[in-house]
Amino acid sequence: MPKEKKPQDNVLQTKPNNSVIRFIINSEKNIFEIGFFSAVDTKKAKQNKYKKTTIVRNQDNTKIELSAEIIASAVDHLPSISDQDKWFALMALVSEEKKKVGIISNPFVFSTYELLKKIGLTDAGRNYEDVKKWLLRMNETSIRSSGAVYLVEENGEKKRQYGTRAFHTFSTIYIKGDILEDGTVQEENGVEFSEWQLKNINSDKSFLQVDLEEYLKVKNIITKALIPVLQNWFYPDMVRELGYFEKRYDAFCSFLNITQYRCLSKIKEKLKPSFDELVSLKHLRAWDISNNTNDDGYKIIFYLGEKYINIDKFTKNVTPPTQKEVSERLLLKTEPGKQNQANQPTTLLREQERIIFELTQNFQVEKQKAIELATTNYEESKRQIEAFKYRHDVKLANKAGWIIEAIKSGYSVPDSYIEAKRKEQSEIDKKSWQAKIDNCLFCDQDGWLHIINSDKKPLLRKCNHTQDLINSLISNGIIIEKLKNT
């Protein structure tokens, strides 16, 4: 591990010629899903002590509402975008280490110099002090989760943490220069990731990808905040098929912890520089801000950008609209009487046709209205239809009116429905994991690799059934005992 250089001065500065190597880093994505980093102005950071975000997650096309509270310590503020910069620098170091050895373990040791170098900062004294404050802030900030935080289990299943629980990103931190209990001096920085962080970092199921060089060139704070979270918002299959994603403006402000304005012209004035920058970087193809359907506030429409076509997990079912199609949609939004025409595709997917059939036959919804619901609000339509059979206490005089309002307003669904979907997904995950074990040539029937390390000691470790893991172990001189015939 390189030794830290001696600070030269007390001025925060960047290198004149940024020498950061262009590469894609993998970052644990859970903290971005809950809005851990706030896009507040630096001048207002000290007043940024608490925020609560409501998260709508889609699980097997089922919408589940969860919440997360981010709470600062009494003497500090919530993590900001400059803290996010350092997080990505740490994830860059983690990515490099994981590529070498195949797995990350606690504690993860690094030097301040290495961290600063990743984000193009000099070894100035103030930068060193900022890293120390960042470690303390990340360690002391609490995440109070009501079902929002999950970890990936060893069998590949995502285990959601239901109920109210408190979490941290780091369970313990070690700062260079600190005096330890035995009287020795801490030689390097180090962190012990919390259990949920460590499991997610070591999995292949809970990460997002960030082009670090591109990220560091971004000018606007909101742009930086959105680069990681847009991947989550665009991820669901239905969003990618439609080519756009909608977010209520008030929920958007709450998620980023930014000032909410009432006037549409002011909203556009504040957000336009960041959104336009995302368009120039091809994270967005276009954007729009308009009234909600019920005229209750505003909504932001993000159109899927070309950037995500080049990310492996986005290649399936990605059909982003062309620039011409986006322009036509935005134009139609401004022309009275053409709103419905703009939102309804000329061809329907098979799943949408099934939803239309359910709405017209079982709920007596007029066909044109059913088509509108199935094409503009497919996931919520599917959720409410599936959940209806679990609503044993509902007596309806107007079945059509009730289901339309349930879809538009996103009525909460019965706990029995959520539990049934949870069990269904668990069974799917278990079958998928068992299929990977059955098809793997190296692990035993329980998913364990039998290996012999460089000290000739036999060991067991969980297999993730990827060739990358096998290659990594072999390149580090570890012998793998084949248990299955090729």
Side-chain angles (χ1 to χ4, degrees), residues 1 23-31 87 90-110 114 149-161 167-174 188-209 312-313 425-486:
M1 192 73 69
F23 69 105
I24 305 297
I25 61 171
N26 293 333
S27 173
E28 198 284 324
K29 70 178 182 180
N30 215 19
I31 59 174
W87 171 261
L90 179 65
M91 288 297 102
L93 297 174
V94 167
S95 296
E96 291 177 350
E97 183 71 11
K98 189 177 178 184
K99 187 175 181 181
K100 292 178 184 176
V101 301
I103 191 169
I104 299 300
S105 57
N106 282 328
F108 182 78
V109 179
F110 64 94
E114 287 180 312
V149 170
Y150 66 82
L151 56 87
V152 177
E153 293 291 279
E154 290 180 337
N155 65 356
E157 179 182 350
K158 289 182 179 179
K159 179 182 178 183
R160 301 188 183 277
Q161 304 291 339
F167 298 88
H168 295 267
T169 52
F170 305 145
S171 60
T172 308
I173 61 172
Y174 306 94
E188 295 282 12
N189 296 320
V191 298
E192 291 191 11
F193 292 103
S194 296
E195 178 192 18
W196 65 281
Q197 273 287 332
L198 190 63
K199 286 190 174 183
N200 292 351
I201 287 171
N202 281 320
S203 80
D204 294 320
K205 292 178 174 289
S206 183
F207 66 83
L208 51 83
Q209 298 177 329
D312 291 342
K313 65 181 179 179
Q425 187 61 44
S426 178
E427 285 301 313
I428 292 172
D429 292 341
K430 286 179 182 177
K431 289 179 181 179
S432 174
W433 183 251
Q434 187 60 51
K436 289 181 179 180
I437 291 176
D438 294 341
N439 293 325
C440 183
L441 300 175
F442 298 96
C443 66
D444 63 20
Q445 67 272 16
D446 296 317
W448 290 98
L449 281 174
H450 293 244
I451 62 178
I452 300 174
N453 66 12
S454 56
D455 297 327
K456 308 300 181 184
K457 293 181 180 179
L459 298 172
L460 291 176
R461 68 160 291 170
K462 273 292 182 181
C463 182
N464 65 7
H465 319 297
T466 66
Q467 192 61 46
D468 287 344
L469 172 61
I470 303 302
N471 292 341
S472 175
L473 292 172
I474 293 173
S475 65
N476 283 277
I478 295 175
I479 299 172
I480 302 168
E481 297 181 341
K482 271 192 180 180
L483 300 177
K484 297 175 184 174
N485 294 325
T486 58

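Excluded from the calculations below are hydrogen atoms, water molecules and symmetry mates; all remaining heavy atoms, backbone and side chain alike, are included. Note that the structure is predicted; figures quoted are calculated from it, not measured.
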* Asked: Do you know the tightest heavy-atom contact between Ile103 and Arg461?
  ->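 Closest approach of Ile103 to Arg461: CD1-NH2, 3.8 Å.
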* To do: For Ser194 and Phe170, work out which heavy atoms get closest and say how close.
  =>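 That would be OG-C, 3.6 Å.
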* To do: Evaluate the side-chain proximity of Val94 to Phe110: yes if any heavy-atom separation is below 4.5 Å, no if none is.
  => no
* Do Leu469 and Leu449 come within less than 4.5 Å of each other through their side chains, counting heavy atoms only? -> yes
Calculate, to the nearest 0.5 Å, the distance between atoms [atom1] and [atom2] belonging to [X] and [Y] respectively.
X      : Y      : atom1 : atom2 : value
Leu460 : Cys443 : CG    : SG    : 11.5 Å
Ile452 : Ile480 : CD1   : CD1   : 10.5 Å
Glu188 : Glu114 : CD    : CD    : 7.0 Å
Asn202 : Ser105 : CG    : OG    : 8.0 Å
Ile478 : Ile470 : CD1   : CD1   : 10.5 Å
His168 : Ile173 : NE2   : CD1   : 11.5 Å

* Asked: Do the side-chain N and O atoms of Tyr174 and Glu192 include a donor-acceptor pair separated by under 3.5 angstrom?
  -> yes
* Asked: Regarding His465 and Asn439, is there a side-chain donor-to-acceptor distance under 3.5 Å anywhere?
  -> no
* Classify the ring geometry between Phe108 and Phe193 as parallel (under 30°), tilted (30 to 60°) or perpendicular (over 60°). =>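 If you compare the ring of Phe108 with that of Phe193, the planes turn out tilted.
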Sub-3.5 Å donor-acceptor pair from the side chain of [X] to the main-chain atoms of [Y], do we have one?
X      : Y      : value
Ser95  : Met91  : yes
Asp444 : Asp446 : yes
Lys98  : Ile201 : yes

